[in-house]
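Just so you know, ligand 1 is whichever comes first in the structure, and atom 1 is the first atom listed for that ligand. Being a predicted model, the structure only gives us computed values, none of them experimental.
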Amino acid sequence: MLDKLLYIETFGCQMNVNDSERIVTMLADLGYAATNDPASSDMILLNTCSVRGGAEEKVYRRLANLRIYKRDGKKQIIAVGGCVAQQEGEELLRKLPYLDLVIGTHNLHLLPEMVRGAERGERRSETTFIDNDQRLDLFPSIKGESRLSRFVTVMQGCDNFCSYCIVPFVRGREISRRSADILSEIRQLVDEGVREVILLGQNVNSYGLKSEHEPSFPELLHQVAAIDGINRVRFTTSHPKDMSDELIACFADVPKLSGQIHLPAQSGSDAVLKLMGRGYTRDSYLAKVRKLKALRPDIVFTGDIIVGFPGETEADFEQTLSLMEEVRYIDLFSFVYSPRPGTKAAELVDDLSRTVKMARLDRLMELQRRHTREISQTYIGSVMSVLVEGEGKLPGQVSGKADIGRIVNFTGDTSLIGSFVDVKIAKAYPNSLLGEL
Ligand code: SAH
Ligand code: SF4
Ligand code: F3S
């Protein structure tokens, strides 16, 4: 019987979103139903991200705010999970006397007993890395509402240790899931109505490299695409250094593979890329982009850029802008560098002023807005295959995603939901396209 209420807030990347889904499923067995209302909940869990600075403070602030709900003398279990939990561990329990549970990224399997303990008033922190089959975070929850497009985790963790990044410290070493499990999960998803899967990992390109028995990522892509009922396959994220010719070839050989790729460059300057420990140069990155464009002329790129990395000169920054001009991303996630505890870059002298960093970010975003606008305009008049996923923003409209990952809204009946339809693009907005069936 579901006689208790669980309120979860999820920050950060899809890994956390998957973990939250799994937590909801696990705690249902203990009688907790998910709620959107923290005030009436019996348990509050923040699933946190620590990829950029201020993450810990944000958690403290949010918990302080949520605690106003702990009223009527009613006992509410307060828990912190995810990457800040992994990073801070027991320290969080010491700092926050009202906190009951701290659960690290590899310890989800302990959550039920931790919650039972907390119901009896026990406080506990578990953040040990476990690299064996006990780890539940490897296996995304596949219960829940049936959706048309689902993320499927293929690997977790990261071995790259880019000098600025905390992910390897809070998610642990790279570990690939067995391909047999991935494929059977996808078949099950097809039975539930899923038509598109997004293969997920911190660096999917190195999938299977540590195991003789598993296929390479390009081989896995072929196997996934061969599953009847799956109409479209995407993946995220790929590290440019591991973008092999074999994987590039998939963009020509696997028709179900989406024509959009997220390929974070981080910087366009060789000097900065070297300090970041990214393992590729500007030229080798651009060579891969050119190969992809040659094989799939309509391919679109998205990416991540960090501005204001320690020592980034004006000339380095200009290199980043010129890289953007060459690639022409349809969308770009841009971040001001933020030092993370324990990372190599945190030891570098960071003497750029905040004003300079923000001014660079502004210039970069301005350029990106222009590129997004110009690329989107070229779609007007073209016909795109759209997987209709739900109702649109306006009455009478439905909405879905095109092969290139853009949202497309058009006038149409909700009976179209779940099917692929051809839509002629009439108008381009910064974040979506408007079309006609
Ligand atoms: N595994 C993915 C992304 C991980 S984090 C990859 O390698 O591409 C997502 C993005 O956050 C990164 O691509 C990077 O652009 C940004 N990021 C990571 N650490 C950062 C830091 N310390 N400061 C600013 N941005 C950071
Ligand atoms: Fe972080 Fe680099 Fe790993 Fe991405 S590849 S998660 S940026 S260390
Ligand atoms: Fe954030 Fe952890 Fe993901 S740090 S980006 S939630 S792996």
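- With hydrogens left out, the protein atom closest to atom 8 (S) of ligand 2 is C162 N, 3.3 Å, a heavy atom.
- Taking a cut-off of 2.8 Å, the protein N, O or S atoms nearer than that to atom 1 (Fe) of ligand 3 are C49 SG.
- Residue C158 approaches ligand 2 through these ligand atoms, each under 4.0 Å from one of its heavy atoms: 3 (Fe), 5 (S), 6 (S), 8 (S).
- Formation of a donor-acceptor pair under 3.5 Å by the S41 side chain with backbone atoms of I44 is not found in this model.
- Among all protein heavy atoms, the one lying closest to atom 7 (S) of ligand 2 is Y164 OH, 3.3 Å.
- For the pair R52 and F335, the cation-pi criterion (under 6.0 Å, within 45° of the ring axis) is fulfilled.
- With respect to atom 5 (S) of ligand 2, the closest heavy atom belonging to the protein is N160 ND2, 3.4 Å.
- Of all the atoms in ligand 2, the ones that sit under 4.0 Å from a non-hydrogen atom of R278 are 2 (Fe), 7 (S).
- Enclosure of atom NZ in K256 by more than 12 non-hydrogen atoms of other residues, nucleotides or ligands within 6.0 angstrom is indicated.
- Shortest contact from atom 1 (Fe) of ligand 2 to any protein heavy atom: C165 SG, 2.3 Å.
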Check your understanding: How far apart are the C-alpha atoms of T153 and N18, what are their side-chain angles, what is the distance that settles it, and do they pass the side-chain hydrogen bond (donor to acceptor under 3.5 Å, both in side chains) test?
Key -> CA-CA 8 Å; T153 307; N18 273 351; 3.0 Å; yes

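- In the vicinity of Q202, heavy-atom distances shorter than 4.0 Å reach the ligand 3 atoms 7 (S).
- Close approach of ligand 2 to P168 is summarised as follows: ligand atoms under 4.0 Å from at least one heavy atom of the residue are 8 (S).
- Heavy-atom proximity to H239, at under 4.0 Å, picks out these atoms of ligand 2: 5 (S).
- Relative orientation of the H239 and Y280 rings is perpendicular, given thresholds of 30° and 60° on the angle between their planes.
- Few gaps surround NZ on K241; more than 12 heavy atoms of other groups in view lie less than 6.0 Å from it.
- With a 6.0 Å radius and a threshold of 12 heavy atoms from other residues, nucleotides or ligands, K95 has its NZ atom above the threshold.
- Residue N36 qualifies as open at atom CG: its count of foreign heavy atoms under 6.0 Å is 12 or below.
- Within 4.0 Å of ligand 1, protein heavy atoms come from V51, R52, Y164, Q202, T237, P264, Q266, R278, D304, I306, F335, V336, Y337, S338, R340.
- Taking every heavy atom of V167 and a limit of under 4.0 angstrom, the matching atoms of ligand 2 come to 6 (S).
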